[in-house]
Colleague: 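Next up is a structure, given as structure tokens.
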Number of protein chains: 2
Amino acid sequence: MPELDRVIHEPARLRILMVLSGVDEADFNFLLSTLGLSRGNLSAHMDKLEQAGYVAIEKGFNGKIPHTVYRCTMAGREALAEYWRQLDAIRGLSAQP
Amino acid sequence: MPELDRVIHEPARLRILMVLSGVDEADFNFLLSTLGLSRGNLSAHMDKLEQAGYVAIEKGFNGKIPHTVYRCTMAGREALAEYWRQLDAIRGLSAQP
DNA sequence: CAGACTAGTTTGTGATACAGACTAATTGGC
DNA sequence: GCCAATTAGTCTGTATCACAAACTAGTCTG
């Protein structure tokens, strides 16, 4: 029985990964406004994604204010592809005459 | 921002609904062996699905032993279809050159 | 009658999504 | 210079929830 990756399965993180996988890099505020999460929530999700090795976090400064940039790793892209495969498998679970 | 139906989004329940939507009716043990859940877990999920109005539960007896049959309701089928639509929307979130 | 099995349900627990409080630094008004 | 407000995140408290183990109710076997 194939199991869905719970790190990716969470809707907020799924959206984050989908956005990141299409965009090369994104900063905190971009994701914040794109996804409509609270800051605390976004921060927590990015932590999880980093711990899973799915995103890389680069902390720096934009002039004098802190600025964090997120990037989807190769492992993240692969896990995401695998996730969609598993979901397709489930989707095929119903239809047969 | 379209939100995924959390009742359906849980992998165990998604599988339950996919099976039920393709099968007209199924009993406890069939789902148990098909999905490989614990009895407690399956029972709890079926409760949730019933409370959401996605499955109908019919309790009866098979001879003298209790026998419960589950059926996917129309609302369940619609919610499931809507769920896949939302997921497709998310899936289209990344890809464009 | 005692022990084992069947079909579920209830309960306890550990994990976790989310938001609101908090920190640290910067900028603007007076 | 100083107070307030803003920015960029992080930390903490809470309420939910998936899961399994224990339990219930009743049946069957020896």
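Residue numbers begin at 1 in each chain, while the letters A, B, ... track the order of the sequences. The model shown is predicted, which means the values in this text are computed figures rather than measured ones. All values below come from the heavy atoms of this structure, side chains included, with hydrogens, waters and symmetry mates left out.
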Colleague: Of the nucleotides D:dT27, C:dG8, D:dC19, which one has an atom closest to the side chain of B:Lys64?
Modeller: D:dT27
Colleague: Are A:Arg91 and B:Asp88 within salt-bridge range, i.e. N to O under 4.0 Å?
Modeller: yes
Colleague: Once you round it to whole Å, what is the distance between P of C:dT9 and CD of B:Gln51?
Modeller: 13 Å
Colleague: In Watson-Crick or G-U wobble terms, both distances under 3.5 Å, what is the partner of D:dG30?
Modeller: C:dC1
Colleague: Within the pair B:Ser38 and D:dC19, is there a side-chain N or O less than 4.0 Å away from OP1 or OP2?
Modeller: no
Colleague: If you compare every side-chain N and O of B:Lys48 against the phosphate oxygens of D:dC17 (OP1, OP2), does one of them come in below 4.0 Å?
Modeller: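 Answer is yes, contact under 4.0 Å.
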Colleague: Tell me the interatomic distance from B:Arg39, atom CZ, to C:dA7, atom C1', rounded to whole angstroms.
Modeller: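 Rounded to the whole Å, the gap is 7 Å.
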Colleague: Without decimals, in angstroms, what is the distance between A:Leu35 CG and C:dA19 P?
Modeller: 13 Å
Colleague: Rounded to the nearest Å, what distance is computed from the CG atom of residue B:Leu32 to the C1' atom of nucleotide D:dA20?
Modeller: 13 Å
Colleague: Salt bridge between A:Glu10 and B:Arg6, side-chain N to carboxylate O under 4.0 Å?
Modeller: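 Counted as a salt bridge, because a side-chain N and a carboxylate O are separated by less than 4.0 Å.
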Colleague: Give a yes/no on whether any side-chain N or O of B:His45 is located under 4.0 angstrom from OP1 or OP2 of D:dC19.
Modeller: yes
Colleague: Report yes or no: does A:His9 contribute a side-chain atom to a donor-acceptor pair with the main-chain N or O of B:His9 at less than 3.5 Å?
Modeller: yes
Colleague: Would you mind reading off the distance between B:Asp27 atom CG and C:dT6 atom C1', rounded to a whole angstrom?
Modeller: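 After rounding, the reported distance stands at 13 Å.
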Colleague: Among C:dA7, D:dT10, D:dA20, which is the nearest nucleotide to the side chain of B:Pro66?
Modeller: C:dA7
Colleague: Would you mind classifying the nucleic acid contact of A:Asn29 as base, sugar-phosphate or nothing, using non-hydrogen atoms under 4.0 angstrom?
Modeller: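 Sugar-phosphate, no base atom in range.
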Colleague: Is B:Arg6 close enough to C:dC18 that one of its side-chain N or O atoms is under 4.0 Å from OP1 or OP2 there?
Modeller: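 Checking B:Arg6 against C:dC18: at least one side-chain N or O falls below 4.0 Å of OP1 or OP2.
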Colleague: Could you please name the option among C:dA17, C:dT9, D:dC19 that lies closest to any side-chain atom of B:Ala12?
Modeller: D:dC19
Colleague: Can you tell me if B:Arg13 touches the phosphate of D:dA18, counting only side-chain N or O atoms and a distance under 4.0 Å to OP1 or OP2?
Modeller: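 Yes, B:Arg13 has a side-chain N/O under 4.0 Å of OP1/OP2 on D:dA18.
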Colleague: Using atom CG of B:Asn62 as one end and atom C1' of C:dG8 as the other, report the distance to the nearest whole Å.
Modeller: 14 Å
Colleague: OP1 or OP2 of C:dT9 sitting under 4.0 Å from any side-chain N/O of B:Ser43?
Modeller: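 The answer is yes; a side-chain N or O of B:Ser43 sits under 4.0 Å from OP1 or OP2.
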Colleague: Atom CZ of B:Phe61 to atom P of D:dA25: distance rounded to whole Å?
Modeller: 13 Å
Colleague: Whether A:Arg71 and A:Glu50 form a salt bridge (side-chain N of Lys/Arg under 4.0 Å from carboxylate O of Asp/Glu) is what I want to check.
Modeller: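 Looking at A:Glu50 and A:Arg71, the cut-off is not met.
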Colleague: Rounding to a whole Å, what distance do you find between B:Asn41:CG and D:dA20:P?
Modeller: 6 Å
Colleague: Where each residue is assigned the nucleotide of DNA chain D containing its nearest heavy atom, which of A:Ile65 and A:Gly40 is assigned the position nearer the 5′ end?
Modeller: A:Ile65
Colleague: With distance as the sole criterion, is a donor-acceptor pair present between the side chains of A:Tyr54 and A:Asp5 under 3.5 Å?
Modeller: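 Indeed, the side chains of A:Tyr54 and A:Asp5 share at least one donor-acceptor pair under 3.5 Å.
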